[in-house]
Amino acid sequence: TAMLWVEDAPVKITKPLKDKTVDEGVEVTLECHVSEDDAIVQWMRDGKPVTVDENCTITISGKVHKLTYKKTTMEENAEFTVKTSHDQCSANVTVKEKPTKFTKQLEPQTVTEKDRAVMTCEVTKPNKTLNWFKNGKELKPDGERVIYEVDGCVHRLIFVKSQMDDAAIYMAEIDNSKTKAKLTVEEEPIVFTIPLKDTFVREFEEVSLSCEINKPNKRAKWVKDGKELPVDARFEITVDGCNHKLVIREAQMEDCGEYTIKIGDLTSSAKLEVEEIPIEFIVPLKDKTILEKQNVRLEVKVNKPNVSLTWMKDGTELNPGERIDIEVDGQVHALNIKSAVLNDAGEYVVTVGLAITRGKLDVEEEPITFTKPLQDQHVTEPEEATFTCEISKPGKTVNFFHNGNEIRPRKKDDKYSIVTDGCTHTLKIKKSSPGDTGKIEARVTDASCEATLIVDSMPLEILEAPKD
C-alpha cells in the first residue's frame, strides 16, 4: 500500500495590475491575469481588504480577475494589491478630485431680535469644510450663540439667539465656489417687564422709583408732572442693564406728584406721596452765662432744613440789627449777639409751628479796673493838689479817701471837689496845707488805687524888719 500526495500548481500572476488615473466620480476597473482558472485571490486597498458594496464589485472569469468602482471617490486614491497563494502585484489609482460646488444656495432670511436664525446651503460632497464670511470678513463661530453645523452635504450657520449686530451679508465659500445672502434682524419691540409703581415715603427719607424693560442700556427721560426733572443733587438717575431707577434723597413735600419715564415712545407712570413730619427741636435752646462785652451765640437745631423760626426775648420778637444777627444753616439756627450788655440778660424763646424751646441768658457785669491809677503829688502850701484816675467803665462812682477817711465835698467852695467825666474821675484839694500830707486812695467796687500827697510849708518871709 502506498499514498500519493498531489499538490496544487502554484498560482502565478501572468498579467499584473496597471496604474490608472481617473476623474472623481468616473468608473474605474483594475484587471489582472493569473496562471490558473478560478484561482482564489485577495484584493487589498492601502494594505486593507477591499469591501464589496453597491459601488464596488469583484468579478472572476477564468484566469481574469477584475475590481470595479462604479463612481470613484477620493478614498479610491490609493494603492491596490492582488495576492495569490504564491504571488502578488500592485498598482496605484490616482483620482483627480472634482471641485466642490453648491447644489443649494444661501437664501435671504429675516428674523426678529432674539429669535433663532439659520443660514443653510448644500454642496456636492459630504463632510467638507466651508469658510464663512460676514460682510467680507471671515467669521469664526463661538460654538455657543453662533454655531456651524455640518450634516453630510448640508451646511448650516445657526444664530441661537439673534442680535441686532448679526444683521449682515453672509457668504459661504469652498474651492472656487461661493454663495451669499442677507440676514435681516428686526429690532424686538421695547416693553416694560416691570412698570413703575405708586410709592409712599416720609418726608426727608430716601425713596426710589424703578422699572424694568426687556432690552438693556436704553436711554430714558424722567419727567415730573409733565416737566423734565430739574438738576438737583438730591436726584440720581441710574441705568443697570434693563433696570432704570430714580433715587430721591431727603424727600420733600414738593416732590409729591406723578413721575413718568419715557423710553422712545414707551412710557410708564406712577405717583409719589410724601408724608410731612411735624417740626421738632432736636437740639433745644440752652441756658448760658457770659461776661459783659463778650459775644454770645444761642443755637438750636430742628428736624427739617431751611424752615423759618421766630426768636423772642422777654416776649418781644427779635430782628437782626447792629449787634444782633440771625443765622440759618440747614437745620441749625443761631442768634448771635455782639459785645453783650447787661440788658441782654433775660429769657429767650424760639418758636416754629407748635414747637417751642426756651433758654435763659445771664450777663455778668465785667469787673471794674483802674486803667489809669492815681499819681503821687508834691505841692507847697497853699497850692492846689489834683489827683486824677481812669476806670474801665463809665457811669460809676469813685470814692476818694484821705488817710482812710472818706472825702465828701459839701459845697462848691469847700476845700475838696470831685469831678467825673465819663471814665475819668478827679479829686481837687484847694488851699493845701502841710496837714493834708498823707495817703490819697480811690475806690470803686472791689478795685482801688492810692497815691501820696506831700505838702511843704510855705517858707517864712520877713515882711517888715524889726524896729529898734
Closest heavy-atom pair and its distance - Ser268, Pro195: OG-CB, 3.5 Å
Any donor-acceptor N/O pair, Asp225 side chain to Glu258 backbone, under 3.5 Å: yes
Close side-chain approach of Glu113 and Asp115, heavy atoms under 4.5 Å: no
Check ion pair Arg297-Glu327 (N to O, under 4.0 angstrom): yes
Heavy atoms from other residues, nucleotides or ligands near CG of Asp232 exceed 12 (cutoff 6.0 Å): yes
Donor-acceptor contact present, side-chain Asn403 to main-chain Lys439, <3.5 Å: yes
Val95 and Thr73, any side-chain heavy atoms less than 4.5 Å apart: no
Full working for side chain to side chain contact (heavy atoms under 4.5 Å, CB included) between Asp314 and Tyr348: CA-CA 6 Å; Asp314 297 330; Tyr348 287 78; over 6 Å; no
Glu254 atom CD: more than 12 heavy-atom contacts under 6.0 Å: yes
Residue Lys114 excluded, over 12 heavy atoms near NZ under 6.0 Å: yes
Results of side chain to side chain contact (heavy atoms under 4.5 Å, CB included) for Gln109 - residues two or more places apart only: Glu107, Met119, Leu183
Donor-acceptor contact below 3.5 Å, side chain Lys224 vs main chain Cys256: yes
Nearest-0.5 Å distance that lies between atom CG in Leu209 and atom CD1 in Ile248: 5.5 Å
Side-chain touch Thr437/Asp456, heavy atoms, less than 4.5 angstrom: no
Greater than 12 external heavy atoms within 6.0 Å of Asp165's CG: yes
Where Asp166 and Gln163 come nearest, the two heavy atoms and their spacing: OD2-N, 2.7 Å
Euclidean distance, Ile429 CD1 relative to Ser417 OG, rounded to 0.5 Å: 9.5 Å
Ion pair Asp325/Lys338, N-O distance below 4.0 Å: no
Least distance between heavy atoms, Ala78 atom then Arg45 atom: CB-CG, 3.7 Å
Flag side-chain contact, heavy atom, 4.5 Å: Leu157 against Leu139: yes
Separation between OG1 of Thr72 and CG of Asp23, rounded to the nearest 0.5 Å: 7.5 Å
Pairwise side-chain contact, Lys288 with Leu298, heavy-atom cut-off 4.5 Å (strictly under): yes
Min side-chain heavy-atom separation Val247-Thr238 under 4.5 Å: no
Carboxylate-amine/guanidinium contact Glu187 Lys215, below 4.0 Å: yes
Under 3.5 Å donor-acceptor, Thr426 side chain and Thr424 backbone: no
Thr452 side, atom OG1; Gln375 side, atom CD - distance, nearest 0.5 Å: 11.0 Å
Side-chain donor/acceptor of Thr369 to backbone N/O of Thr371, under 3.5 Å: no
Worked verdict on Lys393 versus Ile391 for side chain to side chain contact (heavy atoms under 4.5 Å, CB included): CA-CA 6 Å; Lys393 296 180 69 176; Ile391 60 175; 5.5 Å; no
Throw together a table of side-chain donor-acceptor distances under 3.5 angstrom for residues 273-282, partners on residues two or more places apart or in other chains.
unit_1, atom_1, unit_2, atom_2, d
Glu276, OE2, Lys304, NZ, 3.2

More than 12 heavy atoms of other groups within 6.0 Å of Asn135 CG: yes
Glu292 side-chain N/O to Leu342 backbone N/O, donor-acceptor pair under 3.5 Å: no
Backbone N/O of Lys161 and side chain of Arg116: donor-acceptor pair under 3.5 Å: no
Within 45° cone and under 6.0 Å: Arg443 NZ/CZ vs Phe401 ring: yes
Whether over 12 other heavy atoms sit under 6.0 Å from Lys301 NZ: no
Heavy-atom neighbours of Asp142 CG exceed 12 at 6.0 Å: yes
Residue pair Glu212, His244: steps toward the side chain to side chain contact (heavy atoms under 4.5 Å, CB included) verdict: CA-CA 6 Å; Glu212 191 175 287; His244 292 253; over 6 Å; no
Any Val93 side-chain heavy atom under 4.5 Å of Asn77 side chain: no
Atom pair CG/OG1 of Leu318 and Thr316 - distance to nearest 0.5 Å: 7.5 Å
Test side chain to side chain contact (heavy atoms under 4.5 Å, CB included) applied to Thr120 and Leu106, step by step: CA-CA 6 Å; Thr120 303; Leu106 292 175; 5.6 Å; no
Contact summary for Val352 and Ser308, nearest pair of heavy atoms: CG2-O, 3.6 Å
Under 3.5 Å donor-acceptor, Asp198 side chain and Lys271 backbone: yes
For Ile440 against His402, the heavy-atom pair lying closest together: CD1-CD2, 3.4 Å
Electrostatic pair Glu384-Lys431, nearest N-O below 4.0 angstrom: no
Check: Tyr170 and Lys180 side chains under 4.5 Å, non-hydrogen atoms: no
Ion pair Lys313/Asp344, N-O distance below 4.0 Å: no
SB check Glu205 Arg249 (cutoff 4.0 Å): no
Exercise: identify the closest heavy-atom pair between Pro284 and Val300: C-CG1, 4.0 Å
Asn214 side chain to Pro189 backbone, donor-acceptor under 3.5 Å: yes
Asp436 and Lys415 ion-paired at < 4.0 Å: yes
Test salt bridge (Lys or Arg N to Asp or Glu O under 4.0 Å) applied to Arg358 and Glu347, step by step: CA-CA 7 Å; Arg358 304 171 187 271; Glu347 183 184 57; 3.7 Å; yes
Sidechain-backbone polar pair: Arg234 side chain, Glu250 backbone, donor-acceptor under 3.5 Å: yes
Nearest-0.5 Å distance, CD1 of residue Ile237 to CG of residue Leu229: 5.5 Å
Would you mind writing out the side-chain donor-acceptor pairs for residues 122-132 within the sub-3.5 Å range, not counting sequence neighbours?
unit_1, atom_1, unit_2, atom_2, d
Thr124, OG1, Lys101, N, 3.1
Lys125, NZ, Glu24, OE1, 2.6
Lys125, NZ, Glu24, OE2, 3.4
Lys125, NZ, Glu97, OE2, 3.2
Lys125, NZ, Lys98, O, 2.4
Lys128, NZ, Glu97, OE2, 3.0

Other residues, nucleotides, ligands: >12 heavy atoms within 6.0 Å of Glu75 CD: no
